[in-house]
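Both counts, for ligands and for their atoms, begin at 1 and track the order of listing.
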Amino acid sequence: MMIGNDPHSCFRRGHARTTHIQWTIEPDFGAQTLGNATAIHTFDKRGMTALDTWMLDICRVFDANTGDPISYTLGKHHPVKGSMLSFVVPVGKVVGIEYKTTSGAKGLQWFTPEQAGGMPFAYAQGEAISARSYIPCQDTPSVKARLDGDITVPEALCGLIAAPVHNGRVVENGKARESWSVPYPIPSYLIVFAAGDLASRDISPTMRVWGHLDIVDAAAYEFAPMTDFMKAGEALYGPYPYGRCDILVLPPMFPYGGMENLIIFVTPALLAGDRSSVGTIAHEMAHGWYGNHVTNADWQSFFINEGFTVAAENEIMEAVMGRDHAQLGLRLLQLEFEDDCERFKREGRYYLTALCSDISKLNPDSIFSRVSYFKSCQLLRLLKNLGGEERYNQILRTYIDRFGYGSISTAELLAFIREEFGDEVYETARVDEWVYKPGYPDNAPAISSPLIDEVEAFARKGELPPSQGNWVMPQWQLYLEMLPRPVTADFAAELDRTFGLSNFKNVEVRWSFLVLAARAGYGAVLPETEEFLYAFGRMKYAKPLYEALILSGRRDVAERIFAKARLAYHPVTASTVEEVFARTA
Ligand code: BES
Ligand code: ZN
């Protein structure tokens, strides 16, 4: 499918390619490793191949048909890619690797019983290129393989592999072995597990939420609208490709809002009690079609995954919540996008505001921004306007039929757009400029809603909101994000006094306020800010909050908090915050 090689992987065209993985793991909560893990790869042919690894201990490589050892080489460590494990695939085409993870497993996060409410907890995060730190694999989204997995945990715990099929749980000698199947080809970054003290609740015959007993009922209530999202999504894009759509609520240190694993992983910050953060579920569900089924072939095409998904999320929200509400969500995303563009400009990296640029030397995680989300969604909305809604919807169906189960590169996407929409639409839209040039083209579609206007009227003038009660949550957030910054400490104080924002139940709103307050130098809410930074490890929250503290002259406070908080942060959050400190030094 793909034309070039993925620069973030050592897999090369011509190599034997993995078509199936049989994965066996047993988390060792004491040592915080996968101590005795095996990955058995089935390849499409014999001959030379290579797998990506990151700080793995390779114990043995063997012919899984005969049991004979296979000789291999483990290359030297590369700072972005890790080390290449290469060998020759034998006649039977099945090769097993026995390995251990190490403390360098950047894709794993471990929690002690004290940190996780009485029982230990562990989970994996694969996207973008961290799967190789807990499973040796062709860690490029241009290779997709089926997966069967067994996870063994202490009997008191549950072991999940993110898969739509659960084959069962067998308890023996105080241990439970749970086996799972993904009978569809998936990219390596979706290979993840979670293990801990989990309960589940069914939302529908094909939807279930998992989470700690303390929150699982709240989660079932919060995410109930997902049945409507599913109906809307299937009406637009055809049958959901995976049969089931389950969700796991992770501990608050999870570095993302959500992750589209085949059991969707989400932050507990979504549990606002009023379903006001459920849009994230629409987003992760939309990845079922866009990202998981049709997958970006490399990380410089990441905008393909997120752009189609945000566009779909927006259409689903529009179908379920109405256009006014959906437009509000886009406007909020636009503000994040604008912040990212300004930051890239400040840092002398404005080229990263192009949808597709040369990132071959960089770690995709270190350049994560809303460019891939907002700008590419706007390009798709533009194509929808120019091509007409009916034609656009047909083209989406063609896209799913043609590229489903496979991967697509930027060049292939552009050829597809030209072919389906025609030269005229392609040129009028200026697709090449959107994709390859930095900045935000002037033919972007408008975003408008009376819900936006209501807020802007007050925010632009830096006035307090009219009265409490009648704004929906995203309006509060928009208001806070739109106030000309920095506001004065007095203004922040008055906002907090009147509306109780520093203790708001909706985490997004509370976070927006804390950032605003930090930037304003409003010291009274420092305890709340500190508490927030200890409680949540989501990157989106941590990065701007530390940055705001630093910019308002409280670098010492930021450093003190981070020194303690980082012990509980996921490696990707810790390194992102470290970068904030480095770039502002
Ligand atoms: N796939 C992403 C999360 C991701 C991206 C993880 C890149 C690692 C590398 C997920 O679908 C996502 O976009 N999450 C958003 C949710 C939001 C847009 C509703 C997030 O976490 O902010
Ligand atoms: Zn996404």
Side-chain angles (χ1 to χ4, degrees), residues 8 106-107 109 123-131 133 139 141 162 186-192 223 226 229 245 247 249-250 252-270 276-296 298-314 316-317 326 328-337 339-340 359 362-377 474 477 507-508 511 536-544 570-573 575-576:
H8 295 104
K106 60 179 174 162
Q109 191 171 22
Y123 74 92
Q125 162 68 31
E127 193 178 20
I129 55 169
S130 294
S133 75
D139 199 7
I186 53 163
S188 54
Y189 69 81
L190 294 178
I191 304 176
V192 295
F223 302 147
M226 69 189 288
F229 297 164
C245 181
I247 299 180
V249 182
L250 280 120
M253 284 299 148
F254 186 56
Y256 299 96
M259 175 64 214
E260 66 270 27
N261 303 316
L262 295 200
I263 294 174
I264 291 168
F265 285 15
V266 297
T267 170
L270 304 185
S276 54
S277 292
V278 75
T280 302
I281 304 297
H283 177 94
E284 305 311 335
M285 185 185 278
H287 272 303
W289 292 275
Y290 305 108
N292 299 0
H293 193 45
V294 179
T295 305
N296 53 216
D298 49 52
W299 297 110
Q300 80 192 22
S301 308
F302 177 61
F303 77 93
I304 301 178
N305 271 13
E306 296 302 339
F308 278 90
T309 295
V310 174
E313 169 197 349
N314 183 249
I316 291 170
M317 290 305 274
L328 187 55
L330 278 185
R331 187 79 182 94
L332 272 170
L333 191 61
Q334 179 170 23
L335 295 181
E336 283 187 65
F337 162 75
D339 279 353
D340 283 334
I359 59 160
L362 304 171
N363 182 341
D365 284 337
S366 73
I367 52 168
F368 180 82
S369 81
R370 291 305 186 207
V371 173
S372 323
Y373 288 73
F374 179 73
K375 188 177 169 186
S376 52
C377 165
Q477 213 191 328
V507 177
E508 296 280 318
W511 164 75
F536 293 103
R538 184 178 178 185
M539 274 197 288
K540 174 185 158 181
Y541 301 149
K543 200 172 154 180
H570 186 282
V572 73
T573 302
S575 56
T576 302

Chemist: Mark up the atoms of ligand 1 that fall under 4.0 Å of a heavy atom belonging to R370, in ascending order.
Modeler: 18 (C), 20 (C), 22 (O)
Chemist: Taking the minimum heavy-atom distance to atom 16 (C) of ligand 1, which of E284, K540, E313, E306 ranks first?
Modeler: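 Closest candidate by heavy-atom distance is E284.
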Chemist: Taking the side chain as everything from C-beta on, heavy atoms only, tell me whether Y290 gets closer than 4.5 Å to E313.
Modeler: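 The answer is no; the side chains never approach within 4.5 Å.
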Chemist: Nearest heavy atom to atom 10 (C) of ligand 1 wins, so pick from S277, G258, S130.
Modeler: G258
Chemist: So do the side chains of H8 and I359 get within less than 4.5 Å of each other, counting heavy atoms only?
Modeler: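 Yes, at least one pair of side-chain atoms sits under 4.5 Å.
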Chemist: Identify, by atom number and element, the atoms of ligand 1 in contact range of F368, meaning under 4.0 Å from any of its heavy atoms.
Modeler: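 So the atoms of ligand 1 that pass are 5 (C), 7 (C).
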Chemist: For F302, is the nearest heavy atom under 4.0 Å from an atom of ligand 1?
Modeler: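 Under 4.0 Å: yes for F302.
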Chemist: Kindly confirm or rule out an N or O of G257 lying under 3.5 angstrom from an N or O of ligand 1.
Modeler: yes
Chemist: Tell me which one of T295, N296, N292 satisfies side-chain hydrogen bond (donor to acceptor under 3.5 Å, both in side chains) with N305.
Modeler: N296
Chemist: Which ligand 1 atoms are under 4.0 Å away from a heavy-atom of E260?
Modeler: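 What qualifies from ligand 1 is 1 (N), 2 (C), 10 (C), 11 (O).
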Chemist: Which label fits F368 and F302: parallel for a plane angle under 30°, tilted from 30 to 60°, or perpendicular past 60°?
Modeler: tilted
Chemist: Is the closest side-chain heavy-atom distance between S376 and V310 below 4.5 Å?
Modeler: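 Of all side-chain heavy-atom pairs linking V310 with S376, none is under 4.5 Å.
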Chemist: For F265, enumerate each residue passing the ring-ring contact (aromatic ring centres under 6.0 Å, His included) test, keeping only those at least two apart in sequence or located in another chain.
Modeler: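 F265: no ring-ring contact (aromatic ring centres under 6.0 Å, His included) contacts found.
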Chemist: Enumerate the protein N/O/S atoms at a distance below 2.8 Å from the Zn ion (ligand 2), ignoring waters.
Modeler: H283 NE2, H287 NE2, E306 OE1, E306 OE2
Chemist: Please classify the E336 to ligand 1 contact at 4.0 Å (heavy-atom distances, strictly less than): side chain, backbone, both or neither.
Modeler: neither
Chemist: Tell me, please: is Q125 in heavy-atom contact with ligand 1, that is, under 4.0 Å?
Modeler: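 Q125 counts as a contact of ligand 1 under the 4.0 Å cut-off.
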Chemist: Could you tell me whether E127 approaches ligand 1 through its side chain, its backbone, both or neither, with non-hydrogen atoms closer than 4.0 Å?
Modeler: both
Chemist: Should you measure from each heavy atom of R538, which atoms of ligand 1 turn up under 4.0 Å away?
Modeler: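 In order of number, 20 (C), 21 (O), 22 (O).
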Chemist: Does NZ or CZ of R538 lie under 6.0 Å from the centre of the six-membered ring of Y541, at an angle within 45° of the ring axis?
Modeler: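 Pair R538/Y541 counts as cation-pi.
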